[in-house]
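Encoded as structure tokens, the structure appears first; notes follow it.
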Number of protein chains: 2
Amino acid sequence: MSSSEVRLPAGFRAAGVTAGLKASGSPDLALVVNDGPDHHAAAVFTSNRVEAAPVTWSRQVVADGRADAVVLNSGGANACTGAQGFLDTHRTAEHVAEVLGVSAGDVVVCSTGLIGELLPMDKIIAGTDAAAAALSPDGHEDAAVAIKTTDTVHKVATHAGDGWSVSGMAKGAGMLAPALATMLVVLTTDAVVDPTDLDAALRSATAVSFDRIDSDACMSTNDTVVVLASGASGVTVAREALTEALTAVSSDLARQLIGDAEGAAHDIAIEVTGAATVDDALEVARAVARNNLFKCAVFGNDPNWGRVLAAVGTTQASFDPTTLDVSMNGVQVCRSGGVGEDRALVDLTPREVHVLVDLHAGPETATVWTNDLTHDYVHENSAYST
Amino acid sequence: MSSSEVRLPAGFRAAGVTAGLKASGSPDLALVVNDGPDHHAAAVFTSNRVEAAPVTWSRQVVADGRADAVVLNSGGANACTGAQGFLDTHRTAEHVAEVLGVSAGDVVVCSTGLIGELLPMDKIIAGTDAAAAALSPDGHEDAAVAIKTTDTVHKVATHAGDGWSVSGMAKGAGMLAPALATMLVVLTTDAVVDPTDLDAALRSATAVSFDRIDSDACMSTNDTVVVLASGASGVTVAREALTEALTAVSSDLARQLIGDAEGAAHDIAIEVTGAATVDDALEVARAVARNNLFKCAVFGNDPNWGRVLAAVGTTQASFDPTTLDVSMNGVQVCRSGGVGEDRALVDLTPREVHVLVDLHAGPETATVWTNDLTHDYVHENSAYST
């Protein structure tokens, strides 16, 4: 469930403030604090080898399974900023730690925005002071708003267990690729959990949610999904239930990210069935999701299914080209690799589009969500840093 | 050298006619005939596993190193058309063979246009008759014009040896990807060559020309590059000189294809130096060439070098992120993985853009050409089949 009333689980406070990093004057600095009693944490990060300073730092922070706070800024990615960039991240963590009375080594740092510019540290420091002063159990929405970049809406979601809950906030409206994307996500739970279970549950949840959205195939330098567990509910939760809850919240947030991707006019679910393996299904779905010609056709409400087949044909998945079936919004336009129902029967005017590819090669299935390629996408991304 | 005066080498005739396949009434059927005395041929085809009927057919034709004619149509790809599509290709070859008095098994067939529609065979048959009647040693330009799809200009090139020559025609203005693209190319030479040399020279030439252009990362179902050698010059040419000549003509045509890619406003050379291997250099160059965010930025004349680094970081090539250098049109905007010269110094207004990535990991280098991602690209490709 997603709504504007998503609250933090017990044991957490958060805030979102305007530090002055964005020219727009919109909120741009968020703080999420875990007051315990537990301080368990896990995280997954971009697999981009060119990773931003805050990613390098935060990997170290969560390595021991503990984090007390997450500080996030929009308005600057602090990526490709060399040694000074890393020092700036370190200084940010140290300042937050000092204000909160925790260890700098337990402060996760996340940044998002333009690559290749140093952050204005005076504003970051003043902003963290303001955020710390504004911390509140009611601060979830404010924090979610402050991490937006080109997002048109903030994204929050929650899942209620029996006496415990998971909440989440996310930002990201472009560069949504497998292995994460310009996406920052903070998940919070008051469940009492084993740290090993927390890490395993997070990895399971992201693998079938954030890793299966691919807006434009571009992988960010800053992607971070972090989960904090306070144990404040007093309810012990097993790995299975925790995985289920984190997956529900992550899937909800992932769907919201696709729904607000830069310039998109359609949200497209690429469902691959009949695959020999899940990896085959994912490879095929991603190949279609990344095909610019197909994505332009969907923008034009054009059921150009040949572009789907051309994309499928670039993969190494098991299939016989003469047995491929493709449906678009319920119309089987391609049957046995050839012409099926009349493409004119396909209605692509709804925002949500469903493409079904049956490989007829096995029992496995996977769905990847993507967006169409639009004039607005080109516009937003041709005028971002200038 | 490319010009509008490119003529066929000795031993060849060609024609281009209007068969009525295109709604526009533009020429849409071409025929190129090798009158010998030699009838050597070699070809490379798309690596797309979903290949069009004419590709399946033509692979068989050139397998024995001989071809007497190439018939090409625009206005329909004959891809994903099942058994009937293959029968139609076969019938086309048989008809051309009958008219020319050669074997159907020596007639290469190429098609380009919309996927998933059967060809109007009555028009194809009548068109081949008209083309056969129009065959002329002066027909190179007419044939080059007849194979255009969304191309705004026809593409021809030539290279003169000592008493022999190579000429070429190409079409393709989108889906220009490695392993070829919606690209049809016919190369002709009057050199006396060994068939094994011809095949090897073609593969060498395409590997460094057509395989290094990547307009939109989309691989076609129909790509074909075929070379015919008539021996009519009487001049025997060794493999090295032949390779050099085919490479020159192929590189010229490839550059013309990039210069006329669908909707493009910039032609972008991604040069990677300091690579441990040529494969590493190519992987990095292609990753940049395929990054939609980078391509949008170039369209907006925005030297957003962070997107170059983000793309480089997705590869498995050997490099240390802290030693990467990136220059854009001569300005070193990224030095040692961090901020270099002021990005405001970069002038991206010229049509041709040069991006230089130095991996500092070895002696190898490679250049891949691509285009920017523009409003016109989205427009052309969202309204193609409707």
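Because the structure is a prediction, the values reported are computed rather than measured. All values below were derived from every heavy atom in this structure, side-chain atoms included, with hydrogens, water molecules and symmetry-related copies excluded. Chain A is the first sequence line, chain B the second, and so forth, proteins listed ahead of strands; every chain is numbered from 1.
Chain B forms the most heavy-atom pairs under 4.5 Å with one residue out of A:Thr81, A:Leu309, A:Val298, and that residue is A:Leu309. No other option in A:Asn292, A:Val339, A:Asp372 has as many heavy-atom pairs under 4.5 Å with chain B as A:Asn292. Among A:Thr315, A:Leu118, A:Thr322, the residue with the largest count of heavy-atom pairs under 4.5 Å with chain B is A:Thr315. Among A:Cys80, A:Gly306, A:Gly82, A:Ala311, the residue with the largest count of heavy-atom pairs under 4.5 Å with chain B is A:Cys80. Counting heavy-atom pairs closer than 4.5 Å to chain B, the top-ranked of the candidates A:Ala77, A:Cys296, A:Gly338 is A:Cys296. Note: A:Ala297 leads A:Ala297, A:Ala79, A:Gly85 in heavy-atom pairs under 4.5 Å with chain B.
Contacts of A:Phe294 with chain B are absent, with no heavy-atom separation under 4.5 Å from either backbone or side chain. If you measure heavy-atom distances from A:Leu324 to chain B, the contacts under 4.5 Å come from the side chain alone. For a residue to count as touching a neighbouring chain, one of its non-hydrogen atoms must lie under 4.5 Å from one of that chain's; by this rule A:Gln316 touches chain B with the backbone only. Contact annotation for A:Thr314: both backbone and side-chain heavy atoms come within less than 4.5 Å of a heavy atom of chain B.
Atom NE2 of residue B:His379 and atom OG1 of residue A:Thr374 lie 14.5 Å apart, to the nearest 0.5 angstrom. Atom-to-atom distance recorded for A:Asn291:CG and B:Met219:CE is 10.5 Å, nearest 0.5 angstrom. Taking OG from A:Ser220 and CG from B:Leu293, the interatomic distance works out to 10.0 Å, rounded to the nearest 0.5 Å.
Residues A:Asn48 and B:Ala310 share a closest heavy-atom pair of ND2-O, 2.8 Å. Contact detail for A:Arg343 and B:Gly116: the closest heavy-atom pair is NH2-O, 3.6 Å.
A:Arg49 places no side-chain N or O within 3.5 Å of a backbone atom of B:Pro321 that could act as its donor or acceptor partner.
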